[in-house]
Amino acid sequence: MSLLRVSRLRKRFDPQQPPAVDNIGFSLERGEILALLGPSGCGKTTTLRMLAGFEQPDCGTIELRGLPIGNLPPERRQVGIVFQDYALFPHLTVLQNIEFGLKRLERKQRRERALQLLRRVSLDIYAERMPNQLSGGQQQRVALIRALATEPKLMLLDEPFSNLDAGLRASTRDEVRSLLKATQTSAVLVTHDQEEALSIADKIGVMNHGRIEQLDTPETVYHHPATRFVAQFLGRTNLLVGQAQGHHAHTTLGRIAIHQPSSGEVLLSLRPEHLTLETAHDDETAAQIISREFHGHDLSYRLRLGDEEILAHTGYDVSFRPGDRVRLKPREAAVVLESSVGCAR
Amino acid sequence: MPALLRVAAKSRATPPLFILIPAIVAGACMLLPLVYLVLRALEADLGVVQALVWRPRTLDLLINTLLLTFGVLIATTLMALPLAWLVVFSDLKYKRLLTLLGALPLAIPGYVMAYALLGIGGHYGIMSQVFNYPMPRLQGYWGALIALSLYTYPYLFLNLRAALLGLDPSLQESARSLGYSSRQTFWHITLPHLRPALLAGWLVISLYVLGDFGAVALMRYEVFSYAIFTQYSGAFDRIYAAWLSLLLLGLTLSFILADSLLLGSKRWARTGTGAARTAVPVALGFYRPLAWLFLLLLFGASLGLPTLIIGYWLSLAPMLTDYSALLATFLRSAGAAGPAALLAAAFALPIAYLSVRYPSPLARTLDRLAYVGYAIPPLTLALALVFFSLRSAPWLYQTLPLLIIAYALSFLALALGPIRSSLLQATPSLEEAARSLGRSAFGAFSSVSLPLLRRGTLAGMTLVFVIAMKELPITFLLAPTGYTTLAVSVFSRTSEAMLAEAAPFAAAIVLFSSLFIGLVLTYEGKR
């Protein structure tokens, strides 16, 4: 049985506007980390707040360990949350912040447990400090520990790393992931940062206009995007229109392999790093290099092919000059995209 | 998700009952007496009302009130604008001290200022007794005008100073580089940008002048508030008093309306709030002695004079001071002001919480009502409460609780400001974090938000306490018989020309109110 099961969740704030969250459903196993990824306004934070109980869904069910929690107030859900601004109580010390959720324990036990948790993230020396005397990364860890202290069944994280500077982000991310894994805590994390989602999550749900467009492992979501929106939101991609016939399609690149048998007109996604360049022998499908960027470990080329512009990331050993005529060669099968709903880009 | 969306989301949530109910009770407390006043006034026969209201005396009162209000506005502008400019832009020294001196007259209420002015002339006045130079008493229009102007100009000064400090110096610098002289720059750039500050200061001052009772009564200048008082206490025509109160309320509301119309017609975009760059000080050159003369006259009249007169009467009759009576009077003032401060905070907390966390038309209305209480002339409010208690709660009439409620309603807006700003600093996610850690809605509010609001609440309560200590008209109408406060003592002794006997009470008020100025300045300094 899944730990968390969400089905047909819907929330509309303004009758004039489309719903903020539209018919969302997913499930989460014990110890799994799910990232809800999407642009701002896609409904991911609203989803999170409905899970926490700060927002009432218009319809739909939320089940935690088989029990419906949709009508429980936040304090009775056993769901922990870490806010984007951490929400550490500024009038309490670090230790008191962690003890805050442990009021069922006796005073002495409370203190012991809080200190033990602080030790775990090596912040026990700051126990008597006020939150504003800690750095951003330390505040982040205290917020996480505070939520973990109550041993929640589910942990929610709202843009947890967006207030940290880039250098700190990667290391804090690792720490949070290993802490969640060590305590076998399931988590739902909301972010607009694709790199964050790809690196921390076991599963990614890509959201757009209140719906989940694709829910799968990071690898699958990246390599086999289901829709045009997903393909473009995660990394960069080349979109090609082609005529499919079985395992191949005719495109401006010529006849290329596609990842699933199809027929008729299809929209294909081909990642720039899945393309490589060769010297052109015939003029028919030759592309012309518009510009090149040298990155050291690899190169980026912008090319013109007919009316279209194509992006290719090649290895360090593929070297051409702007103006050269080359042949584009896919190294992987192109991905056939579903016609995506409400695609803005 | 952007913060904006989250705020919008919050606005749909329903506020908890422990917030909603007290807020509505506070709003009802504010509204009930006013409704009662209107009902009472409408009770009268239409013919009687017409005979009462449509007579030359009402027109006289209206003209007198308007003359006094606009006179004070002009006088205070002439005092406050040069002072603010000098304190912000000139190369004068001791600007910090000059600012303090400019705010200090707030410690001297209008009736004490009137007391000081009355102590100059006349047979027993300081001019005649000390300098052997008899001169007539300063009375009537000019007496009231000077007393009120000297007391209220700091409100305009502090507003103008804040606006000048916030002015982007590069605006003035670009005007100079486009060929404007420093004087032309002032008229074409600086002054137009001062418009919101001028309007705000003018509104506060006109509310004070319209509502003032002590200074005009002592100066025997017939305006609405004075006439309401004589009607109520002497002739005892309560219908006429009610109608005069309504007229005064209408006049006050039209000032507020005019202010928002003038402000709304043109908005001056605020420039960025980045680190403020201060302008290069303007060298005064050979205008310097003129500037010092201006400062000397201004501070001499607004601070030196009252100090001198109070000191003179105190030194004249030291044995007249009955310290135990003084202490008892002080305690009576504090005994009403203290509970009033508590009640005002108890009203303000739920209203502020509602309007910040759960914005809705209801929350906005309750918030506005709090400011209505501040804007209503105190005599009108007091009279409304008299009518209300006589009719529906006679056991409340002339009791201390009613006086306390009246103070709390009148000064609710003062407590609201600091509480609201500390509430804005405590983000909603703090309470949500407490909820997810197992606290109920009330538990989260009391364990997280309430402690964070402590400073703001204390600041608001202190403001209410100090201003209620020197309140006169409400006290005069609503205090239980024999419950004389400091303010009432100064007023009644001065109106019977017992200036020496009034001196210790006046001194106590001035000393105590100086605390208020300290608070206002620290509060202003923090923003």
Side-chain angles (χ1 to χ4, degrees), chain A residues 11-14 17 20 36 38-56 73-92 96-104 131 143 146-147 149-150 152 154-156 158-159 190 192 207, chain B residues 1-20 349 353 356-361 418-419 421-459 526:
Chain A
K11 177 78 180 175
R12 188 194 290 262
F13 289 117
D14 188 341
Q17 299 283 320
L36 293 177
S40 46
C42 72
K44 56 192 192 299
T45 296
T46 306
T47 307
L48 198 77
R49 291 174 62 80
M50 286 194 284
L51 294 180
F54 301 131
E55 228 46 94
Q56 279 300 310
E75 64 268 25
R76 292 182 48 208
R77 293 195 175 195
Q78 294 188 295
V79 170
I81 185 164
V82 174
F83 287 91
Q84 188 171 8
D85 61 359
Y86 315 138
L88 295 179
F89 306 128
H91 60 303
L92 303 178
Q96 286 169 332
N97 259 285
I98 294 166
E99 288 176 359
F100 190 91
L102 298 171
K103 60 175 179 172
R104 272 182 214 87
R146 182 178 72 177
T150 59
L154 173 70
M155 180 71 95
L156 306 174
D158 185 5
E159 303 267 3
V190 150
H192 63 269
M207 287 188 71
Chain B
M1 184 185 278
L4 190 85
L5 270 170
R6 205 175 301 170
V7 170
K10 271 251 64 102
S11 71
R12 269 100 183 160
T14 42
L17 287 181
F18 66 89
I19 292 297
L20 195 59
L349 259 173
Y353 194 80
V356 170
R357 291 287 164 81
Y358 301 95
S360 67
I419 291 178
S421 37
S422 55
L423 194 55
L424 286 171
Q425 284 161 8
T427 56
S429 59
L430 289 175
E431 254 181 64
E432 289 173 355
R435 291 297 295 279
S436 73
L437 293 170
R439 299 293 163 99
S440 65
F442 182 71
F445 172 75
S446 53
S447 63
V448 174
S449 291
L450 213 52
L452 292 173
L453 294 179
R454 197 169 48 202
R455 272 185 71 169
T457 313
L458 272 178
K526 267 188 224 137

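Residue numbers begin at 1 in each chain, while the letters A, B, ... track the order of the sequences.
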Once rounded to the nearest 0.5 Å, what's the spacing between atom CG of A:Asp85 and atom OG of B:Ser429? 3.5 Å
Report yes if the side chains of A:Pro90 and B:Leu430 come closer than 4.5 Å at any heavy-atom pair, otherwise no. yes
Chain A contact residues among residues 441-449 of chain B, heavy-atom distance under 4.5 Å: B:Ala441, B:Ser447, B:Val448
Considering only heavy atoms, which portion of A:Leu88 lies under 4.5 Å from any heavy atom of chain B: side chain, backbone, both, or neither? backbone
Applying a strict 4.5 Å limit to non-hydrogen atoms, the region of B:Thr427 in contact with chain A is side chain
Looking at side-chain heavy atoms only, is the closest gap between B:Arg454 and A:His91 below 4.5 Å? no
Closest approach of A:Phe54 and B:Glu432, non-hydrogen atoms and distance? CZ-O, 3.1 Å
Tell me, for A:Arg146 versus chain B, whether the close heavy atoms (under 4.5 Å) come from the side chain, the backbone, both or neither. both
Would you sort out whether B:Arg435 and A:Glu75 count as a salt bridge (Lys or Arg N to Asp or Glu O under 4.0 Å), showing the intermediate values? CA-CA 5 Å; B:Arg435 291 297 295 279; A:Glu75 64 268 25; 2.7 Å; yes
Please report the closest heavy-atom contact between B:Ala434 and A:Phe100, naming both atoms and the distance. CB-CE2, 3.7 Å
Counting heavy-atom pairs under 4.5 angstrom with chain B, the leader among A:Gly38, A:Gly101, A:Pro74, A:Gly53 is A:Pro74
